[in-house]
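Letters A, B, ... are given to chains in the order of the sequence lines, protein chains preceding strands, and every chain is numbered from 1. Bear in mind the structure is a predicted one, so any value in this text is a computation, not a measurement.
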Amino acid sequence: MGSIIEIRELRKTYGMGDIQVHALAGVDVTIQSGEFVAVMGPSGSGKSTLMNIIGCLDRPTSGQYYLAGIDVSQLDKPQLARIRNQQLGFIFQSFNLLARTSALDNVLLPLIYQRPSPLSMAERRDKGMAALEAVGLAERAHHEPNEMSGGQRQRVAIARALVNDPVLIMADEPTGNLDTRTGKEIMGLLHDLHGRGRTIVMVTHEPHIARQTERTITLVDGEIRADGQVVLSEEGWG
Amino acid sequence: MSELNDEISTVPAVAVDEIDLSESYTPISPLEIARIAWEGVMRNKIRSLLTMLGVIIGVAAVIIMVAISAGTEATIADQIEGLGSNLVFIQGGIARRGAGGGGDTPTLIYDDVALLGGITGVAGTAVEQTSAQTVKSEQATLTEVSLVGTTPDFPSVRDVDLAQGRFFHQQELDRKSKLAVLGHSAAVALFGESDPIGQSITVGTTRLTIIGVAAERGVVGNTDFDSLIYTPITLLFDRFVPAQFARVVGNRVRIIYVELDETADMEHVITQMQLRLAGAKDVAVEELPFSIQSQNDIIETQGATTEAFRNLLAWVAGVSLLVGGIGIMNIMLVSVTERTREIGIRQSVGATPNDIRLQFLTEAVLLSLVGGLLGVLTGVGGAILFGETSEMRTVIVPESILLAFGSAAAVGIFFGFFPANIAAQLDPIDALRHE
């Protein structure tokens with residue numbers, strides 16, 4: 001299927017003058033279309049920075065990042081926003097749904113920012129309802145997040161991540177705020193998406209979650225410590 | 001665990017090459033922005049209402065204050081209208097001090113009226129000299145009554161209508177007839193319910209026969225017309241005004257009213273009058289110690305006063321509108337902080353900095369427009385209520401509504417920019433992490 005993500009010599013340096021922190025110290029990653037990849041690492045390992053850059057929320061200091069064939073490492077803010085809008089779907093640990101806004105309106109959010117010409121309201125509604133149906137929440141479409149359980153909220157977030165047909169789904173600790181049973185349900189949904197050909201990159205700090213994927217990238221000190229089916233234990237991070 | 005609906009089963013068709021990155025700068029449609037902003041405003045109604053409060057008060061203040069000053073102006077204008085139309089007032093000015101002493105200062109005398117009557121454009125004249133007297137009827141005694149000596153044209157020149165009886169004629173003036181016309185409240189005070197016509201009053205030692213009662217007129221300017229008693233000025237000179245020098249300098253009068261024809265050129269007539277008076281007094285025109293004022297002069301003087309008053313009110317109201325705008329900015333700034341997470345979410349799904357800026361700017365404009373509208377309703381309602389419940393008159397000026405509403409919109413745009421820019425410049429990563 002070809003590679004969706006190609007990262008070469010990616011570096012991200014914070015700070016000015018003498019004190020410089022190398023959050024990413026030269027990372028090379030290639031992710032094929034249809035892969036389900038977990039990213040692990042201790043805090044300060046650079047995994048958040050890598051996720052932010054892969055998610056087009058941040059730009060690298062140097063190096064190349066090709067997302068679906070486009071070099072996004074040098075794009076400006078509006079261009080990155082457009083890439084996020086058209087190519088990416090986000091699932092967050094804290095769901096990040098708009099409060100006092102119905103599930104459906106939350107799901108429709110990415111479609112509002114489509115350009116140049118967005119879909120008609122009716123077309124959007126159809127797409128949004130289809131996405132909610134896909135995650136089994138069609139009948140809750142007009143409920144607001146505060147009327148829903150954590151699992152339901154995360155399903156709404158997944159529906160929102162799917163509604164614009166992204167090439168890549170970014171999941172940042174998607175089960176972190178959920179109990180074990182609900183976490184399993186959400187992982188089930190992600191496996192299902194993966195089974196149907198979606199590419200998913202997921203940050204997690206739980207080894208048993210990482211083990212469910214076919215590939216785990218472990219970052220330590222801004223470098224890749226391990227990459228493959230092996231999931232390092234926390235002792236291995238050091 | 002396969003829960004997913006079949007609709008999203010396939011991998012999306014990646015048509016990466018078709019993405020035209022230059023489209024990233026195309027703003028989303030204004031309608032879309034307006035909808036987002038409207039939802040933003042409606043999502044927190046209490047906060048929105050509080051934000052609007054400053055503008056509501058500011059706009060209402062502008063409208064009410066302008067209505068009050070316009071009402072005051074209208075009241076004054078009505079009073080000036082009440083003085084009579086096309087009227088010129090000639091009054092003896094302040095005596096100039098000079099080597100020659102008071103005796104040299106020309107005074108306005110009764111004979112001057114005859115000089116003015118002949119000028120083309122003069123429709124009528126009336127003259128007035130007043131004396132404070134104690135007046136008795138069979139039933140009552142009034143002290144300090146203004147006994148007004150005047151001429152037969154007085155009712156027409158000064159717009160005084162008679163409720164009963166008649167005013168005195170020229171013949172009666174010439175004969176110094178002992179007649180009196182009572183003001184409305186003077187008649188009531190002296191005769192109560194009974195008909196005063198044909199009855200008599202005693203002023204000093206002189207008995208005057210009542211031949212008329214003036215219609216109720218009220219207070220115009222500083223004069224309470226209803227308390228006056230009119231009598232032929234010749235009689236007043238003869239009996240009630242000590243005039244030791246009258247034979248030498250003539251009978252002094254307080255004021256001469258000159259009514260002009262509708263078509264007369266006021267400036268021209270005034271010049272003619274000045275020339276004649278100067279001739280009679282044997283002084284240069286510019287040395288005439290008389291004030292000659294037309295009704296327009298008085299309106300202008302009053303106008304300048306009320307304009308200053310109105311300007312002051314407008315400034316006060318403008319400042320309150322400004323404060324309202326700063327209020328909007330304040331709450332929008334708080335709102336941006338409070339809604340940082342929302343901004344982050346919007347950015348993560350593809351909102352560009354410009355989309356965010358437009359959203360917050362539109363929210364600010366929307367708040368000030370809705371606030372302005374509520375302010376207009378409050379202001380108009382308040383002005384009407386104020387006019388009805390207080391002594392002051394209010395006149396709602398349409399321009400003030402436009403001005404206040406327009407300023408509110410401008411204030412919203414101006415003070416919306418700063419918070420909107422802050423929102424637009426938020427970093428999506430920080431915004432998403434914001435608690």
- Heavy-atom proximity to chain A below 4.5 Å, by part of B/E32: side chain
- Under 4.5 Å heavy-atom distance to chain A, tell me which part of B/R339 shows up: side chain, backbone, both or neither. neither
- Message: Shorter than 4.5 Å, heavy atoms on both sides: which option in A/N85, A/L98, A/N96, A/L57 has the most such pairs with chain B?
- Response: A/N96
- Taking the six-membered ring for Trp, are A/H191 and A/F36 ring centroids under 6.0 Å apart? yes
- Item | Side chain, backbone, both or neither of B/R341 within contact of chain A (heavy atoms, under 4.5 Å) | side chain
- Query: Is chain B contacted by the side chain of A/M170, its backbone, both, or neither, given a heavy-atom distance below 4.5 Å?
  - Reply: neither
- Query: chain A heavy atoms under 4.5 Å from B/N354: which part of the residue, side chain, backbone, both or neither?
  - Reply: neither
- Task: Can you see which heavy atom on B/V380 is nearest to which on B/I401, and at what distance?
- Result: CG2-CD1, 3.8 Å
- Query: In terms of side-chain geometry, is the basic nitrogen of B/R346 or B/D355 positioned less than 4.0 Å from the acidic oxygen of its partner?
  - Reply: no
- Task: Would you sort out whether A/E185 and A/T182 count as a side chain to side chain donor-acceptor pair (under 3.5 Å), showing the intermediate values?
- Result: CA-CA 5 Å; A/E185 272 176 37; A/T182 320; 5.4 Å; no
- Under 4.5 Å from any heavy atom of chain B - which part of A/L80: neither
- Task: Against chain B, label A/A161 side chain, backbone, both or neither, depending on which of its atoms sit under 4.5 Å from a heavy atom there.
- Result: neither
- Item | Under 3.5 Å: donor-acceptor pair, side chain of A/S120, backbone of A/E123 | yes
- Task: Output the option from A/P78, A/G55, A/C56, A/P110 having the highest count of non-hydrogen pairs under 4.5 Å with chain B.
- Result: A/P78
- Of the listed B/P27, B/S348, B/P428, B/P353, the one with the largest count of heavy-atom pairs under 4.5 Å with chain A is B/S348
- Query: chain A: which of B/R35, B/Q347, B/R43 shares the most heavy-atom pairs with it under 4.5 Å?
  - Reply: B/R43
- Message: Here's a test for you: under side chain to side chain donor-acceptor pair (under 3.5 Å), which of A/D58, A/T49, A/T61 qualifies with A/K12?
- Response: A/D58
- Item | Minimal non-hydrogen separation, A/M202 against A/L190, with atom names | SD-CD1, 4.3 Å
- Check each atom of B/L432 against the heavy atoms of chain A and say whether the ones under 4.5 Å are side chain, backbone, both or neither. both
- Looking only at heavy atoms, which two atoms of A/F95 and A/A157 are closest? And how far apart? O-CB, 3.8 Å
- Assess whether side chain to side chain donor-acceptor pair (under 3.5 Å) is satisfied between A/T30 and A/R8, documenting all intermediate values. CA-CA 9 Å; A/T30 302; A/R8 296 285 164 262; 3.1 Å; yes
- Between A/T101, A/N106, A/L88, the one whose heavy-atom pairs under 4.5 Å with chain B are most numerous: A/T101
